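Working notes, beginning with the structure itself.
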Amino acid sequence: MGVENEEQGFEHVLGDSVILTTVEQVVGWGRKFSFFLYPFITACCGMEFMSVAGPRYDIDRFGAALPRFSPRQADLLIVVGTISHKQLPILNKVYNQMAEPKWVFAYGACVVSGGMYDNYSTAQGIDTILPVDVYVPGCPPRPEMVFDGLMKLQDIVQNEKFSKWPRGAGKYTAEELK
Amino acid sequence: MDITLIPGYQYMPELVEMMLKIVFIFTMNVGVFAPLLGYVERKQSALMQDRIGANRAAILGFTIFGLWHTMTDAIKLIAKEDFIPEGADKPLHFLAPFVAVVPALIAFAVIPFGGTYYLWGHEAHLIIADLDVGILFIFAVAGIGTYGAVIAAWASNNNWSLLGGVRTAAQMVSYEVAMGLTIVGVLMVYESLKLTEIALIQEDFFMWGIFLQPVGFLLFLACALAENKRVPFDIPEAESELIAGYFTEYSGLKFAMFWMAEFVEIVTISAILTVLFFGAWHIPFVTHDGLLSLLTSVVGADIGNLLLMFIHLAVFWGKVCFLIVFLMLIRWSLPRFRYDQIMKLGWKIILPLALVNILATGVILLVVK
Amino acid sequence: MQLLMFYLIGFFAVLSAVSMIVVRKPLNSALFLILNMICLAGLFALLNAHLIAVLQIIVYAGAIMVLVLFVIMVLNLREKDGDITVRKVAAQFVGIIVVSVVMVMVGASVDPSAISALGSASPEFGTVVGVGKTLFTDYILPFEIVSVLLLAAIIGAVILSKSKV
Amino acid sequence: MAGGYYKIKRGESLTFWERLYLPEIFRGLSVTTRHFIPNWISTIIAYITRTPEKRKIMTIYYPEELPEIPDSYRGKPVLVRAGNGATKCVACGLCEVACPPKCISIVGGNRSDGTRYPETYTLDGSRCIFCGLCEEACPVEAIVMSHRYQDLCEHDRSKMIYSKEDLLVPEKDLQSRLDFIRRRAYGKCNY
């Protein structure tokens, strides 16, 4: 909420700044077609992720093909597969290591809400610790559903204001997660 | 104002020519080939894997085969946060990408990309600096280029980076020796270090390096790929072992510069291969003078020379493009070597083979003469 | 123009040489040494000795310094913050005095007339042709002896590094 | 190309030519070239002649081209809206029990004529694993797996909890799936 108020203030000062809006649009256009993925794959959805990246569905068509295994160079954290509580600090660390701007993509029911695993060991959705941009349900999701999610994310990225960034670290520190 | 009053006016044509050539090479490398190679790498890998590749970005409904994705990548990388890790050596961290890019560009100074043309009384040589050490200069500059990776590795304050840097240093030292020896056979055949002279001899189709030195070509190709640090010799940035090797801690524009350095190196390697083994700017079975007299008889001497220059430029860059596609093919086909295999290949296979190649070339040359 | 280049490159050479000694971090020191080598190569190039300039870069800046960096990186020599002790200050003081004395002595011993009497080198000096001709005609015997020495060194290195079976 | 099978002979040890390594490299290159060149040419020809079906690449251009969905596909679970506009559900709670991730919760009630109906029927779309057990458990064919897979993604997780009104779909839209269930349930030999 605070961010939104600031945004209004920002806009108020600049008035109808056409230039800023145009720059935001251009940068948003550049960003939305050039996601470098960080695939954080822990479980069975990974198989379906391969199909998404493979020749039949080809995530490269959306410009999101280059998996960068260094979080510094990645834009989109794709969390694929069940995240247990043991995994949370690792996921949080990877998220914190990513350079701004960064987005999080929850892939599959386990990541979105814990899915089938409503138990003591599984995190009930990664949005308990990270800000998630797109939730894609399914166990695992159909590749088309992933592309739907990706296009929804592209719509957000296109219209983002610069004042949204930096997003900062995750909600909890490493000590709190342990 | 009389132009002759300007001090040093007699050097003006040379100066203008030099500036034009530098600008041309710079734009070819940084402006045309580096972005285009990003696209080619993407699209070619996609086609090789039966995919279609990037094609969604569009301006006014035109996707132009996904070429916009190059632009989106550039915009994204420029707008990305420039990250400097804690405990990093900040000046060196800043310096490293430049150290990686600049030598790759400088190496082009001694590569001829066209012959000599007489344009309106001015003699134009299409080479920036025709040094008599030629090919050695390229080796020297390639050696400097190593420091980009090493400095980046050290400055990042990261264990994976450091390992990548150590591997880079080891690989570069090993393969520079082998690379120097593989090229000796070529130099013996053409009896010159000057790349322009080597290129001029190859006007005759059967004097192309690929026919005279096939073994030398293969060995040099392997060494050049290793110097370039790409698959199958990408042990310094082995993703499954070292995250991203020496540029693990780089983001945004600096990371893009490492990328650009890699692409410029590919162009440089392709250009060297073209000059040494594929007849530089010469068209097979067509001599310079023959084509020139034909063009002169049609459009006159000056325009003819100009036309010939453009034809030769097109031929040269066409050959370079072909080799680039070939190098990309290798990059997307072959699996990565293990570290010990790379060292074994360098010291135990390529080096002895290069020595045998030198010996054989020497014997044949003695017999022929 | 040449003089200007000489002063520019010379300035950087001296600067990098001094920095190499002054800088505390071992890696930075090595990098300044590389810069110094490159500047030396530039000086050689100004003297029309292209081959020597290029060899300077290939052999020293390209190969040997990579090995030096390699060792620094493998040993992971990071900067260690030492306390400034009396002993260190005294050592620096003595060092400065010794260096200045040596410099004065060297400056006094150089005879300007001897330099002008040297004459200029042939235009072939330092080029590929010049060095090749000299090496393979006048100095063929030392050249061969050095090559045999290097061969012995290589074999020795192989034997030393070979693990015992 | 696609559809071809290669039979790979695996010897106990490498042959001389395989140990020589270089011929194998060229073989590897030739394999990728055999994919690269035909794909390249066919894509360009397909673009020029405007015949996308002729390109040899099997990639689906997703938002423009949609895949064919078989009847047996399990998409978003929906409630069937019967002819009278109400749900067929009798709030028996069998789907609630059968659901592996426990994403369905029903509060039942009685209509004035004494029949049972769900007052609320909540399905947590973020937990649903599209397994279809609710459909199999349902005795009155009230909940079926539709073929809908698009627009299930959300920016906000709270929007993914579907109420009864979100889930109700007219019966005629689900006819093919209902037929499939009946075939499967009553005539196992017929399909």
Side-chain angles (χ1 to χ4, degrees), chain A residues 22-39 50-76 94 96-103 143 147 150-151 153-155 157-158 160 162 164-168, chain B residues 38-39 41-43 45-59 63 66-86 88 156 158 160-161 164 237-256 258-259:
Chain A
T22 317
V23 171
E24 273 172 350
Q25 289 284 322
V26 169
V27 171
W29 178 76
R31 281 172 177 168
K32 81 171 182 178
F33 283 118
S34 168
F35 290 126
F36 288 0
L37 309 180
Y38 184 92
M50 289 173 200
S51 147
V52 171
R56 182 82 176 164
Y57 294 101
D58 192 10
I59 203 169
D60 191 8
R61 291 180 50 238
F62 297 83
L66 280 170
R68 297 305 315 174
F69 297 104
S70 164
R72 308 280 187 217
Q73 295 144 16
D75 310 297
L76 182 58
V94 168
N96 289 347
Q97 278 174 341
M98 283 168 73
E100 309 276 351
K102 51 189 173 186
W103 296 275
F147 289 153
L150 197 65
M151 284 189 288
L153 182 62
Q154 285 184 337
D155 288 344
V157 172
Q158 172 74 71
E160 259 170 359
F162 286 155
K164 188 180 169 187
W165 308 107
R167 207 176 210 180
Chain B
Y39 172 75
E41 172 142 35
R42 236 177 185 184
K43 208 71 178 174
S45 66
L47 288 173
M48 279 165 64
Q49 297 161 1
D50 291 350
R51 296 187 287 121
I52 192 72
N55 70 349
R56 291 283 300 169
I59 290 181
T63 58
L67 205 56
W68 295 123
H69 280 271
T70 311
M71 214 159 110
T72 60
D73 278 351
I75 292 172
K76 201 268 320 252
L77 285 166
I78 289 167
K80 189 116 174 122
E81 180 195 0
D82 188 16
F83 187 84
I84 297 176
E86 201 179 313
S156 294
N158 179 319
W160 308 118
S161 298
E237 51 193 89
E239 276 155 348
S240 49
E241 301 157 28
L242 300 182
I243 308 174
Y246 54 89
F247 53 76
T248 302
E249 295 284 357
Y250 280 86
S251 72
L253 210 53
K254 288 183 197 161
F255 164 59
F258 276 114
W259 231 7

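Every value quoted in this text rests on a predicted model; they were computed, and no experiment measured them. Order of the sequence lines sets the chain letters (A, B, ...), proteins ahead of strands, with each chain counted from 1.
Of the inter-residue distances, the one linking Asn55(B) atom CG with Phe33(A) atom CZ reads 9.5 Å to the nearest 0.5 angstrom. Here Phe35(A) contributes atom CZ and Thr72(B) contributes atom OG1; the two are 10.5 Å apart, rounded to the nearest 0.5 Å. Put simply, CZ on Phe255(B) and CZ on Phe36(A) are 6.0 Å apart, with the number rounded to the nearest 0.5 Å.
Only the side chain of Arg68(A) comes within contact range of chain B, with at least one heavy atom under 4.5 Å from a heavy atom of that chain. Proximity to chain A (any heavy atom under 4.5 Å) is shown, for Glu249(B), by both the backbone and the side chain. Neither the backbone nor the side chain of Tyr57(A) comes within contact range of chain B; no heavy atom of the residue lies under 4.5 Å from a heavy atom of that chain.
Of the listed residues (Ile78(B), Leu77(B), Ile52(B)), the one with the most heavy-atom contacts under 4.5 Å to chain A is Ile52(B).
Gln73(A) contributes a side-chain N or O that, together with a main-chain N or O of Tyr250(B), makes up a donor-acceptor pair within less than 3.5 Å. Not one N or O on the side chain of Lys76(B) forms a donor-acceptor pair closer than 3.5 Å with the backbone of Lys32(A). Looking at Arg31(A), its side chain does come within 3.5 Å of a backbone N or O of Ala79(B) through a donor-acceptor pair.
Counting all heavy atoms, side chain and backbone alike, Ala53(A) lies closest to Arg51(B) at O-CD, 3.6 Å. The shortest non-hydrogen separation linking Ala46(B) to Asp60(A) is CB-OD2, 4.4 Å. Minimum heavy-atom separation, Lys80(B) to Glu100(A): CG-O, 3.7 Å.
Heavy atoms of other residues, nucleotides or ligands lying less than 6.0 angstrom from CH2 of Trp29(A) number more than 12.
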